[in-house]
Amino acid sequence: MNTPTLEHSSRPLTAISLKITSVVIFVAMSSLIKSAGALPAGQVVFFRSFFAMLPILLFLGWKGELRTAFTTRRPLGHLARGFVGVCSMGLTFFALARLPLADAITLNYAQPLMVVVFSSLFLGEPIRIYRWGAVAVGLIGVVIISWPELTLLRSGAAMDDQQVLGVMAALTGAATSAVAAILVRNLVDSERTATIVLWFSLMASIISLGTLPFGWEALDLHQAILLIASGIFGGIAQLFMTAAYRHAEISVVAPFEYTSIILAIVIGYLVFSDLPGIHMLAGGVVVVAAGLFIIFRERQLGLERARARKVTPPQG
């Protein structure tokens, strides 16, 4: 990954525009997947991953970087990231088919909260009381969103309820996504963004193709078009998102990820006739607030570390 320069942080409006565009396309991608119906998760992951490579490869070919796109010194790191990422994607798509669009997307907002927890547990990163407090508040928000489904656990037939399974899959998907984020954080020290994205798409395609013997469903033309389009949309959205982070700091761009909840509510109502409940709205506000606070704290800590480096004399 290139070291940020002045150019990367001098165009915040461009970065925000690119980020919002990526969010719109990602929500459209999720809507296409949801419209395709409750298909096997491995089958959906294959279409989403395989066809996502097409726009990315075309973009790299246009830039003249296609020959070195897959060049890497860390194949095992990509393999681990691919396996964990496939698990996360499969669980997320499983939840998407069983929950209202806005609920599924909002529950995925638990991911940055879990990144904080796992960074402390697995990497030994020091986490101050402010961020632990934000994690606790955010998880309370997740419980509020999940409460209507979790209360069904009191009945004997609860585990047959598809929405309960959807909530469990969404939260487990957020947890595995947090692990994948930590693995990516480790890869970016030596790997280019395009290489990480392409290796993941390739690994996800291969791993998900391995689920074929376990019962993929025959697709009609409508379903096939939806899934192929979802993959292409996902690849395009990835390009816009990557471009956004080249024009501004993460702390400037990341909060606009939460615009997806507004789009999800609108599309959920217009396309799927889903009306957000009071639990989803209240819990969503809590989760988003906690996530924004964590982003704010990361920015403050980054500024503190930068100031510390400036005042620390070089060791001779």
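All residue numbers in this chain count up from 1 along the given sequence.
- At distances below 3.5 Å, at least one donor-acceptor pair connects side-chain atoms of T195 with backbone N or O atoms of A69.
- Side-chain atoms of Q111 do not come within 3.5 Å of backbone N or O of A175 as any donor-acceptor pair.
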(request) Output, in order, the C-alpha distance, side-chain angles, deciding distance and verdict of side-chain contact (heavy atoms from CB on, under 4.5 Å) for I228 and F47. (result) CA-CA 6 Å; I228 291 171; F47 278 86; 4.0 Å; yes
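- Linking Ile, Leu, Val, Met, Phe, Trp and Tyr residues whenever their side-chain heavy atoms come within less than 4.5 Å leaves V287 and I278 in two separate clusters.
- Among I265, N108, I105, the one residue that satisfies the side-chain contact (heavy atoms from CB on, under 4.5 Å) test with S260 is I105.
- Using a 3.5 Å distance cut-off with no hydrogens or angles, the side chains of T72 and E191 do pair a donor with an acceptor.
- For the pair R48 and F46, the cation-pi criterion (under 6.0 Å, within 45° of the ring axis) is not fulfilled.
- Scanning all heavy atoms of the two residues, the minimum distance from M114 to A178 falls at CB-CB, 3.7 Å.
- Heavy-atom contacts from other residues, nucleotides or ligands closer than 6.0 Å to CZ of F83 number 12 or fewer.
- Taking a 6.0 Å sphere around OH of Y130, one finds it holds 12 or fewer heavy atoms contributed by other residues, nucleotides or ligands.
- For the pair L227 and L39, the minimum side-chain heavy-atom distance is below 4.5 Å.
- Donor-acceptor pairing under 3.5 Å is recorded for the side chains of R74 and S190.
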(message) Applying side-chain contact (heavy atoms from CB on, under 4.5 Å) to M89 and V44, what does each step give before you reach the verdict?
(response) CA-CA 9 Å; M89 194 181 289; V44 179; over 6 Å; no
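- Taking the six-membered ring for Trp and thresholds of 30 and 60 degrees, F59 and W62 have ring planes inclined between 30 and 60 degrees apart.
- The shortest distance between side-chain heavy atoms of M203 and S49 does not fall below 4.5 Å.
- L113 and V285 sit in two unconnected hydrophobic clusters of ILVMFWY residues. Membership requires side-chain heavy atoms under 4.5 Å apart, directly or through other members.
- When every heavy atom of G166 is checked against every heavy atom of A95, the shortest pair comes out as O-CB, 3.2 Å.
- Between the S201 side chain and the L198 main chain, no donor and acceptor come within less than 3.5 Å of each other.
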(request) Carefully, step by step, assess L107 and L171 under the rule side-chain contact (heavy atoms from CB on, under 4.5 Å). (result) CA-CA 6 Å; L107 285 170; L171 293 177; 3.9 Å; yes
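- Atoms CG and CG, on L96 and D103 in that order, are 11.0 Å from each other to the nearest 0.5 Å.
- In this structure, S119 contributes its side chain and V115 its backbone to a donor-acceptor pair below 3.5 Å.
- No continuous path of ILVMFWY side-chain contacts below 4.5 Å connects I232 to I225, so the two sit in separate hydrophobic clusters.
- For F94, the CZ atom counts as densely surrounded, since its 6.0 Å shell holds more than 12 non-hydrogen atoms of other residues, nucleotides or ligands.
- In this structure the side chain of Q43 reaches within 4.5 angstrom of the side chain of L219, judged on heavy atoms.
- For the pair V45 and S208, the tightest heavy-atom approach, listed with the atom from each and the gap, is CG1-CB, 3.7 Å.
- Nearest heavy-atom pair, P100 versus D274, reported as atom, atom and distance to 0.1 Å: CA-OD2, 3.4 Å.
- Geometrically, R81 engages F200 in a cation-pi contact defined by less than 6.0 Å to the ring centre and at most 45° from the axis.
- Side-chain atoms of T176 do not come within 3.5 Å of backbone N or O of V84 as any donor-acceptor pair.
- More than 12 heavy atoms of other residues, nucleotides or ligands sit less than 6.0 Å from atom CZ of F122.
- Put simply, CD1 on I16 and CZ on F256 are 4.0 Å apart, with the number rounded to the nearest 0.5 Å.
- Across all their heavy atoms, S31 and L101 have their closest contact at OG-CD2, 3.6 Å.
- Both I236 and L32 belong to a single network of hydrophobic side chains, linked directly or stepwise wherever heavy atoms of I, L, V, M, F, W or Y lie under 4.5 Å apart.
- Counting heavy atoms from C-beta outward, E65 and L60 have side chains that approach closer than 4.5 Å.
- Between the side chains of T211 and W216, at least one donor N or O lies within less than 3.5 Å of an accepting N or O.
- A donor-acceptor pair is defined here as one N or O able to donate and one able to accept, closer than 3.5 Å; such a pair exists between the side chain of S205 and the backbone of F50.
- Separating the NE2 atom in H78 from the CG atom in L202 is a distance of 10.5 Å, to the nearest 0.5 Å.
- Both tests hold for K34 against F272: distance to the six-membered ring centre under 6.0 Å, angle to the ring axis within 45°.
- Judged by distance alone, the side chain of S22 and the main-chain N or O of K19 form a donor-acceptor pair under 3.5 Å.
- Around atom CZ of F118, more than 12 heavy atoms belonging to other residues, nucleotides or ligands sit under 6.0 Å away.
- Note on L99: it clusters hydrophobically with I262, by side-chain heavy-atom contacts below 4.5 Å among ILVMFWY residues.
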(request) Evaluate the criterion side-chain contact (heavy atoms from CB on, under 4.5 Å) for residue pair L226 and I33; output intermediate values, then yes/no. (result) CA-CA 7 Å; L226 289 173; I33 291 171; over 6 Å; no
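- In terms of heavy atoms, A134 sits closest to F293 at CB-CD2, 3.5 Å.
- Formation of a donor-acceptor pair under 3.5 Å by the W199 side chain with backbone atoms of P75 is not found in this model.
- Under a 3.5 Å cut-off, the side chain of Y109 and the backbone N or O of I261 do form a donor-acceptor pair.
- Between L270 atom CG and I267 atom CD1 the span is 8.0 Å, to the nearest 0.5 Å.
- Between the Q223 side chain and the A36 main chain, a donor and an acceptor come within less than 3.5 Å of each other.
- Between S30 and F26, every side-chain heavy-atom pair lies at or beyond the 4.5 Å cut-off.
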